[in-house]
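First the structure, in the form of structure tokens, and then the observations on it.
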Amino acid sequence: QEEGMKIMDQLQRGIPWEGEYLVKNKQGNEFTALVSNNVVQDEHGKIIGYIGISTNISQTKKVEEILLRNKQQLELAIDTAKLGIWELTVETGMLEWNDEVLKIYELTREEFERDIQGWRTRVFPDDLKKADREFQRIGEGIVVHDVRFRIQTPDGRVKHVYASGAPIFDNQGTIVKLIGINIDVT
């Protein structure tokens, strides 16, 4: 009720208000609404009324809570499993790595080139043809699993990487991104 009084005070000063507000319907049930309130003034600027629109966003709030919980669970799983996640935007060729991929390859964010060629230079030469072939398959719309290759760290050590990847399609069925995981299985 205190918040309602603050909103009314703001409106009485001629200032519109918009935001989320807990309201009751005619049956007495509470729900979260997105509310937009404004003042109605006469030709002299005197406030003669108020107009408001309320939209029940309870379902949206529930979905947001579920998405937040899923996001937290996914982040915990990624962190616990030490999953390196990569994503390539097809249109730009821009490659993004999460912090775990950088750790696997022993690179800083500044050292990471953000393109496929930068990744290719780190794949062990004997494994490059196979890794390229599997990456190409993802680009052709095929989900690939159980890809194994070796990489060379900046100091010359060899690591073994397990990888999977999948294409991401837009509404027209065009591949717009490639996304995948890397796990250090050395």
Side-chain angles (χ1 to χ4, degrees), residues 18-20 22 31-34 55-186:
E18 186 174 306
E20 293 180 9
L22 192 61
F31 63 93
T32 304
L34 181 60
T55 304
N56 185 338
I57 59 169
S58 296
Q59 285 302 106
T60 302
K61 298 302 279 182
K62 285 179 186 175
V63 170
E64 285 176 356
E65 289 173 14
I66 291 168
L67 288 174
L68 177 60
R69 188 172 57 250
N70 288 347
K71 180 180 182 277
Q72 291 167 338
Q73 291 171 345
L74 184 58
E75 286 172 350
L76 176 62
I78 289 168
D79 186 50
T80 302
K82 300 203 179 308
L83 288 179
I85 299 175
W86 57 266
E87 180 178 294
L88 176 81
T89 302
V90 173
E91 184 178 336
T92 64
M94 177 76 72
L95 182 62
E96 293 294 331
W97 286 357
N98 74 349
D99 290 342
E100 191 61 35
V101 179
L102 292 171
K103 286 179 193 173
I104 292 168
Y105 287 76
E106 298 183 15
L107 296 172
T108 65
R109 190 135 321 264
E110 294 74 31
E111 293 168 327
F112 171 50
E113 293 93 349
R114 298 186 191 280
D115 62 22
I116 291 301
Q117 190 55 40
W119 167 74
R120 291 181 83 251
T121 63
R122 286 164 176 74
V123 175
F124 198 74
D126 292 346
D127 296 347
L128 185 57
K129 188 174 182 179
K130 176 178 73 171
D132 274 343
R133 184 178 63 246
E134 295 302 318
F135 195 83
Q136 181 66 35
R137 289 180 64 214
I138 301 168
E140 294 168 355
I142 300 167
V143 176
V144 297
H145 299 284
D146 200 28
V147 179
R148 295 171 190 270
F149 56 88
R150 293 168 291 173
I151 61 167
Q152 223 165 351
T153 64
D155 66 3
R157 288 179 297 113
V158 175
K159 287 185 170 184
H160 295 260
V161 175
Y162 171 87
S164 292
I168 303 294
F169 299 90
D170 65 12
N171 292 338
Q172 288 75 43
T174 303
I175 298 173
V176 292
K177 290 185 184 279
L178 309 180
I179 189 168
I181 63 163
N182 281 188
I183 302 172
D184 183 352
V185 292
T186 304

[Y] and [X], any side-chain heavy atoms less than 4.5 Å apart:
X      : Y      : result
Trp119 : Tyr105 : yes
Gln117 : Arg120 : yes
Leu95  : Leu88  : yes
Thr108 : Leu102 : no

Drop me the distance from [X]'s [atom1] to [Y]'s [atom2], to the nearest 0.5 angstrom.
X      : Y      : atom1 : atom2 : result
Thr174 : Ile168 : OG1   : CD1   : 13.5 Å
Asn56  : Thr32  : CG    : OG1   : 8.0 Å
Glu20  : Thr60  : CD    : OG1   : 9.0 Å
Trp97  : Arg109 : CH2   : CZ    : 10.0 Å
Ile104 : Ile183 : CD1   : CD1   : 7.5 Å
Lys61  : Gln59  : NZ    : CD    : 13.0 Å

Practice task
Please confirm whether the backbone N or O of His160 pairs with a side-chain atom of Thr186, one donor and one acceptor, at under 3.5 Å?
Solution key: yes
Handout entry: N/O donor-acceptor pair under 3.5 Å between Asn98 side chain and Val101 backbone
Key = yes
Check ion pair [X]-[Y] (N to O, under 4.0 angstrom):
X      : Y      : value
Arg137 : Glu140 : no
Glu113 : Arg122 : yes
Glu65  : Lys62  : no

Fill in the blank from the handout: Contacts satisfying salt bridge (Lys or Arg N to Asp or Glu O under 4.0 Å) that involve residues 75-84 (not counting sequence neighbours) are Lys71-Glu75
Show me, pair by pair, the donor-acceptor contacts under 3.5 angstrom made by side chains of residues 144-152, not counting sequence neighbours?
| from | atom 1 | to | atom 2 | distance (Å) |
| --- | --- | --- | --- | --- |
| Asp146 | OD1 | Arg148 | NE | 3.2 |
| Asp146 | OD1 | Arg148 | NH2 | 3.2 |
| Arg150 | NE | Asp127 | OD2 | 2.8 |
| Arg150 | NH2 | Asp127 | OD1 | 3.0 |

Exercise for the section: Would you name the heavy atoms of Leu107 and Pro154 that are closest together and state the gap between them? Expected result: CD2-CG, 3.9 Å
Problem - Nearest atoms (heavy-atom pairs only) where Glu111 meets Glu106 - result: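 Between these two residues, the closest heavy atoms are OE1-O, 4.2 Å.
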Handout entry: Trp86: ring-ring contact (aromatic ring centres under 6.0 Å, His included) partners, not counting sequence neighbours
Key =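 With sequence neighbours excluded, Trp86 shows a ring-ring contact (aromatic ring centres under 6.0 Å, His included) to Phe135, given in chain and number order.
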Handout entry: Atom CG of Asn171 with >12 non-hydrogen neighbours under 6.0 angstrom
Key = no
Practice task
Flag yes if more than 12 heavy atoms outside Lys130 fall under 6.0 Å of its NZ atom; otherwise flag no.
Solution key: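 It does: Lys130 NZ has more than 12 such atoms within range.
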Exercise for the section: Under the side chain to side chain contact (heavy atoms under 4.5 Å, CB included) rule, what do Gln73 and Leu76 come out as? Steps first, then yes or no, please. Expected result: CA-CA 5 Å; Gln73 291 171 345; Leu76 176 62; 5.7 Å; no
